[in-house]
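Just so it is clear, the model here is predicted, and its values are computed rather than measured.
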Amino acid sequence: MSNKILAFVESKDGKFKNSAFEVVSEAKKLSGELGCEFEVLTIGSGVDAEAENLGSYGATKVLVVDLNDLNAKSKFPGTQYSHSAFAKVVAETGSQKGANIILISGTGLGKEIAPRVAIKTDSAFCQDCVALHVDSGNIVATKPVYAGKSMIDMKFNGDKILITLRPNVFKPTKSGDAKAAIEKVDVGSLNITDKDFSSAVKEVVVSSEKLDVAEADIIVSGGRGLRGPENFHLVETLAGVLGAATGASRAVVDAGWRGHGEQVGQTGKTVSPSLYIAVGISGAIQHLAGMSSSKCIVAINKDKDAPIFQIADYGMVGDAFEILPALTDEFKKVLGS
Amino acid sequence: MKIIVGVSLVPDSTTKVKIGADKKTIDEAGVSYILNPYDEFAVEEALQLKEKNGGEVIAISFGTDKAKEAIKKAFQMGAEKGVLIKSATADFDTYTAAKNLADYIKGQSPDLVLFGKTSIDFDGLSVPAMVAEMIDYPCINVVVKLDINGNEITAEREIEGGKEIVVSTLPAVIGTQKGINNPRYPNLKSIMASKSKPVEEVAPTYNGNKYEVTEMKLPPAKSAGKIFTNGAADVPELVKLLREEAKVI
């Protein structure tokens with residue numbers, strides 16, 4: 001059979017995140033390698049103008065499902081969106097359009113709906129893919145396992161395939177300024193019943209105005225070397241100057257110095273920012289697993305034998321209490337802030 | 001309340017991974033195995049719900065004989081019953097695991113199914129939702145707070161930069177995230193009691209993987225970095241390199 005790709009991208013308040021551009025770019029690239037068509041799907045209200053702009057990443061057609069129309073089918077009052085209903089929309093649109101390959105961004109939402117779509121469409125499934133290539137006409141997906149301590153290459157049995165792409169790994173590639181055509185998909189055509197709303201999100205609580213480590217391009221993380229929660233202002237100040245998110249090691253989260261939302265590592269978040277600055281973190285294997293794919297790693301630690309130095313691009317052996325303020329001042333100077 | 005908790009046995013998170021001779025799996029020599037850390041939250045949540053509402057907690061696992069260790073750990077924490085869906089091979093994928101678990105769970109008609117949000121080995125974050133989809137239950141994963149009132153569920157689910165308040169109804173599948181509770185340590189009495197509890201073995205219902213691993217490899221090695229030892233005096237040089245060499249600022 002001939003292949004066809006459907007790329008599902010998330011929109012929020014009429015806008016797309018970077019991860020959407022990454023998925024569209026990768027779908028474009030993959031469609032070229034497989035010599036097949038691809039279409040983009042999004043669910044949102046008032047999203048058309050931004051959806052047209054996905055054309056600059058190579059999309060020719062964007063299917064738009066209206067979120068309000070979809071939510072009108074929910075049995076839960078006050079539904080903002082529903083993972084189960086989103087999964088139904090993606091699976092149903094995919095099969096109506098004859099798409100056998102579905103790409104989804106591995107955001108919190110994407111990872112929640114993808115396993116359901118895999119079952120609904122009876123697809124082979126790779127969650128959290130970090131590289132894709134085509135080998136003799138077959139897709140090969142690379143995925144980190146054992147928290148990034150090793151990688152596997154996966155080949156899929158059958159021709160139905162669903163892959164989520166880890167955010168911030170694939171390159172968004174602008175290929176011009178063409179506008180994509182918008183095709184409205186009527187919710188009534190998708191066979192949605194209230195059973196498809198098996199759960200619903202009623203409220204989204206933003207924990208703070210702070211940038212989340214999972215989405216940040218720069219992260220400044222602190223560990224036990226900071227000696228106590230009262231010293232984390234040094235990390236926060238540097239992060240503030242760099243527009244970075246603050247992260248933490250498991251040791252300081254377990255000690256209650258910082259919240260779990262900041263934890264980077266095997267039982268926290270896996271991150272791959274452009275720049276990761278580890279302050280007073282020795283580099284336990286669980287921590288390294290969560291951040292070793294960062295593009296540039298700076299380690300500051302007073303112990304020259306700390307394992308973090310083995311993966312650091314730049315290491316500073318010394319006193320964090322002396323180096324951090326100096327680093328903050330220097331960045332202020334060069335960034336003119 | 002009939003609660004089923006899915007548990008799995010995984011290499012300890014401190015394991016240094018070595019690639020096995022087949023170049024597709026890890027070398028198991030010297031690897032110690034533990035109950036998947038996220039499953040501890042699932043077992044704890046099940047026990048707390050049982051203590052509050054009555055009922056029973058059944059720990060199940062899909063895997064080879066070795067997976068019994070995960071069930072025994074659940075016994076030590078306080079699960080009453082344990083079932084191993086015994087796979088003849090360790091070569092199974094996420095779909096096969098989910099399908100076998102789903103087939104067993106469906107026959108039990110539990111009120112609630114709990115899993116850890118993901119297992120730390122293959123980290124697919126997918127078994128809870130796959131099982132739920134197969135047995136036609138709602139699913140909420142990455143849950144940090146769970147309230148059950150009659151048949152109504154309100155859960156807090158962790159997302160980037162915040163959380164979602166999700167509503168649903170029983171019966172349901174819930175995946176637990178760190179923060180939902182503090183898993184108990186088994187005491188001597190529960191450890192002794194667990195020793196006499198049998199693990200029931202049932203035959204798998206499905207085999208037929210949807211993907212195959214063609215190669216396992218270590219992540220690309222990093223070349224040695226530049227090390228500075230003069231403290232704050234080296235900071236201007238570091239910042240210069242970050243801007244001009246690494247080009248990340």
Side-chain heavy-atom pair [X], [Y] within 4.5 angstrom cut-off:
X      : Y      : result
A:F331 : B:I249 : yes
A:K304 : B:T229 : no
B:L238 : A:E330 : no
A:L109 : B:E160 : no
A:F125 : B:D93  : no
B:T154 : A:K202 : no

Give, as side chain, backbone, both or neither, the part of [X] having an atom under 4.5 angstrom from any heavy atom of chain B.
X      : result
A:A200 : both
A:D122 : both
A:S84  : neither
A:Q80  : neither
A:D196 : neither
A:I218 : side chain
A:F76  : side chain
A:T107 : both
A:S294 : backbone
A:V213 : neither
A:K75  : neither
A:Y276 : neither
A:K160 : neither
A:E203 : both

Could you check A:E112 against B:E164 for side chain to side chain contact (heavy atoms under 4.5 Å, CB included), going step by step and ending with a plain yes or no?
CA-CA 12 Å; A:E112 187 80 354; B:E164 295 168 342; over 6 Å; no
Spacing of [X] atom [atom1] and [Y] atom [atom2] [to the nearest 0.5 Å]:
X      : Y      : atom1 : atom2 : value
A:I119 : B:K99  : CD1   : NZ    : 9.0 Å
A:K149 : B:T15  : NZ    : OG1   : 5.5 Å
A:Y146 : B:I120 : OH    : CD1   : 10.0 Å
A:F197 : B:S168 : CZ    : OG    : 12.5 Å
B:D234 : A:I323 : CG    : CD1   : 8.0 Å

Greatest number of heavy atom pairs closer than 4.5 Å to chain A - which of [options]:
options                        : value
B:D121, B:T14, B:V142          : B:D121
B:V127, B:L218, B:T214         : B:T214
B:K117, B:E245, B:K23, B:K247  : B:E245
B:S119, B:A233, B:A129, B:P219 : B:P219
B:V144, B:N230, B:I19, B:V213  : B:V213
B:V17, B:V235, B:I140          : B:V235

Is there a donor-acceptor pair closer than 3.5 Å between any side-chain N or O of [X] and the backbone N or O of [Y]?
X      : Y      : value
B:S13  : A:Q286 : no
A:K143 : B:F122 : yes
B:R157 : A:V201 : no

With side chain to side chain contact (heavy atoms under 4.5 Å, CB included) as the criterion, how do B:N141 and A:H83 come out once you've worked through the C-alpha distance, each side chain's angles and the decisive distance to 0.1 Å?
CA-CA 10 Å; B:N141 201 1; A:H83 303 107; over 6 Å; no
At a 4.5 Å cut-off on heavy atoms, which part of [X] comes close to chain A: side chain, backbone, both, or neither?
X      : result
B:Q177 : side chain
B:E158 : side chain
B:L241 : both
B:P11  : side chain
B:K240 : neither
B:Y95  : side chain
B:L125 : both

For B:L242, the option from A:D313, A:V334, A:L275 that meets side-chain contact (heavy atoms from CB on, under 4.5 Å)
A:L275
Given the options [options], which has more heavy-atom pairs under 4.5 Å with chain B than any of the others?
options                        : result
A:P115, A:A289, A:S292         : A:P115
A:A124, A:A320, A:S150         : A:S150
A:S198, A:S199, A:G315, A:A118 : A:G315

Heavy-atom pair with the smallest gap, counting every atom of A:C296 and B:V248
CB-CG1, 3.9 Å
Side chain to side chain contact (heavy atoms under 4.5 Å, CB included), that's the test. Do B:I159 and A:V204 meet it? Break it down for me.
CA-CA 9 Å; B:I159 56 167; A:V204 177; 3.9 Å; yes
Please indicate whether B:N149 has more than 12 foreign heavy atoms, meaning atoms of other residues, nucleotides or ligands, lying under 6.0 Å from its CG.
no
Let me see the working for A:K111 and B:D123 under salt bridge (Lys or Arg N to Asp or Glu O under 4.0 Å), right down to the final yes or no.
CA-CA 11 Å; A:K111 285 193 192 167; B:D123 197 17; 6.0 Å; no
Mind checking which of residues 26-39 of chain B sit less than 4.5 Å from chain A, heavy atom to heavy atom?
B:I26, B:P37, B:Y38
Considering the options A:K195, A:R116, A:K120, which one meets the salt bridge (charged side-chain N to carboxylate O under 4.0 Å, His left out) requirement together with B:D136?
A:K195
Would B:K210 and A:L162 count as a side chain to side chain contact (heavy atoms under 4.5 Å, CB included) here? Give the steps.
CA-CA 11 Å; B:K210 283 192 176 285; A:L162 171 67; over 6 Å; no
